[in-house]
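Down below is the structure, laid out as structure tokens.
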Amino acid sequence: ELVATLMFEIDNPIIRADFLGKIGGIEEKVYIKITKEKIKAIPERDLDRTSAEGKASSVQFVHFKFSEEQIKKFKDLNNEIIIGIDHSLYNHNIVLANDTKKSLINDLD
């Protein structure tokens, strides 16, 4: 498994409060995509990262659990790996560079 920390760093306190107030549940929308297969993040359950009012924490901790086959695909540097967030108000993704993939592969061994 891989573990990630997701942090929303917004200097302006008014903009930060507005943004975090709108993205509740975002910890459920994080994924890693290997080729065409999405592996959904599993948020840490030590405490609620989204309040009952729908306000998200600015720091989220998520886990990605892989099958042996997914690990094999992850380790193939020819495969595209994307990390993304698929929230209706915050949609972002990035293709991992090979140097980043190599570093993460070490964590899977």
**OP:** Given side-chain contact (heavy atoms from CB on, under 4.5 Å), test Ile81 with Ile32 step by step and report yes or no.
**Re:** CA-CA 7 Å; Ile81 299 175; Ile32 289 180; 3.8 Å; yes
**OP:** Determine the minimum heavy-atom distance between Asp11 and Arg16, stating which atoms define it.
**Re:** O-NH1, 3.6 Å
Subject >> Point-to-point distance, once rounded to the nearest 0.5 Å, from OG1 of Thr35 to CG of Asn78 >> reply: 12.0 Å
Original post:
Going through the distances and angles, do Leu2 and Phe66 end up as a side-chain contact (heavy atoms from CB on, under 4.5 Å)?
Top reply: CA-CA 8 Å; Leu2 294 175; Phe66 299 101; 3.7 Å; yes
**OP:** Enter the distance from Leu6:CG to Ile83:CD1 here, rounded to the nearest 0.5 Å.
**Re:** 10.5 Å
**OP:** Heavy atoms only: give me the nearest Lys65-Ile39 pair and the separation to one decimal.
**Re:** O-CG2, 3.6 Å
**OP:** With rounding to the nearest 0.5 Å, note down the distance linking NZ in Lys29 to CD1 in Ile26.
**Re:** 10.0 Å
Original post:
How far apart are the C-alpha atoms of Gln60 and Thr5, what are their side-chain angles, what is the distance that settles it, and do they pass the side-chain contact (heavy atoms from CB on, under 4.5 Å) test?
Top reply: CA-CA 6 Å; Gln60 304 284 338; Thr5 303; over 6 Å; no
Original post:
Is the closest side-chain heavy-atom distance between Val30 and Phe64 below 4.5 Å?
Top reply: yes
Subject >> Rounded distance (nearest 0.5 Å) linking atom CG of Asn79 with atom NZ of Lys33 >> reply: 12.5 Å
**OP:** Provide the closest heavy-atom pair for Ser57 versus Leu20 in the form atom of the first, atom of the second, distance.
**Re:** O-CD2, 4.0 Å
Subject >> Nearest atoms (heavy-atom pairs only) where Asn12 meets Ile15 >> reply: OD1-N, 3.0 Å
Subject >> Glu28 side chain to Gly25 backbone, donor-acceptor under 3.5 Å >> reply: no
Subject >> Residue pair Leu104 / Lys101, side-chain heavy-atom distance below 4.5 Å >> reply: no
**OP:** Check side chain to side chain contact (heavy atoms under 4.5 Å, CB included) between Asp18 and all other residues, then give those that pass, not counting sequence neighbours.
**Re:** Lys22
Original post:
At their closest point, which heavy atom of Glu27 faces which heavy atom of Pro43, and how far apart are they?
Top reply: O-CG, 3.4 Å
Subject >> Where Ile105 and Leu77 come nearest, the two heavy atoms and their spacing >> reply: CD1-CD2, 3.8 Å
**OP:** Measure the spacing between OG of Ser58 and CD1 of Ile23 and express it to the nearest 0.5 Å.
**Re:** 9.0 Å
Original post:
Which residues pass the salt bridge (charged side-chain N to carboxylate O under 4.0 Å, His left out) test with Lys73, sequence neighbours left out?
Top reply: Glu37
**OP:** Please round to the nearest 0.5 Å and tell me the distance separating atom OH of Tyr90 and atom CZ of Phe8.
**Re:** 5.5 Å
Subject >> Pairs involving residues 78-96, ordered by first then second residue, that meet salt bridge (Lys or Arg N to Asp or Glu O under 4.0 Å) (sequence neighbours left out) >> reply: Lys38-Asp86
Original post:
Checking side-chain contact (heavy atoms from CB on, under 4.5 Å) for the pair Ile10/Phe19: CA distance, chi angles, key distance, verdict?
Top reply: CA-CA 9 Å; Ile10 303 169; Phe19 176 75; 3.5 Å; yes
**OP:** Answer yes if Val62 and Leu96 sit in the same cluster of Ile, Leu, Val, Met, Phe, Trp and Tyr residues linked by side chain heavy atoms under 4.5 Å apart, and no otherwise.
**Re:** yes
Subject >> Within 6.0 Å of CD1 in Ile14, more than 12 heavy atoms from elsewhere >> reply: no
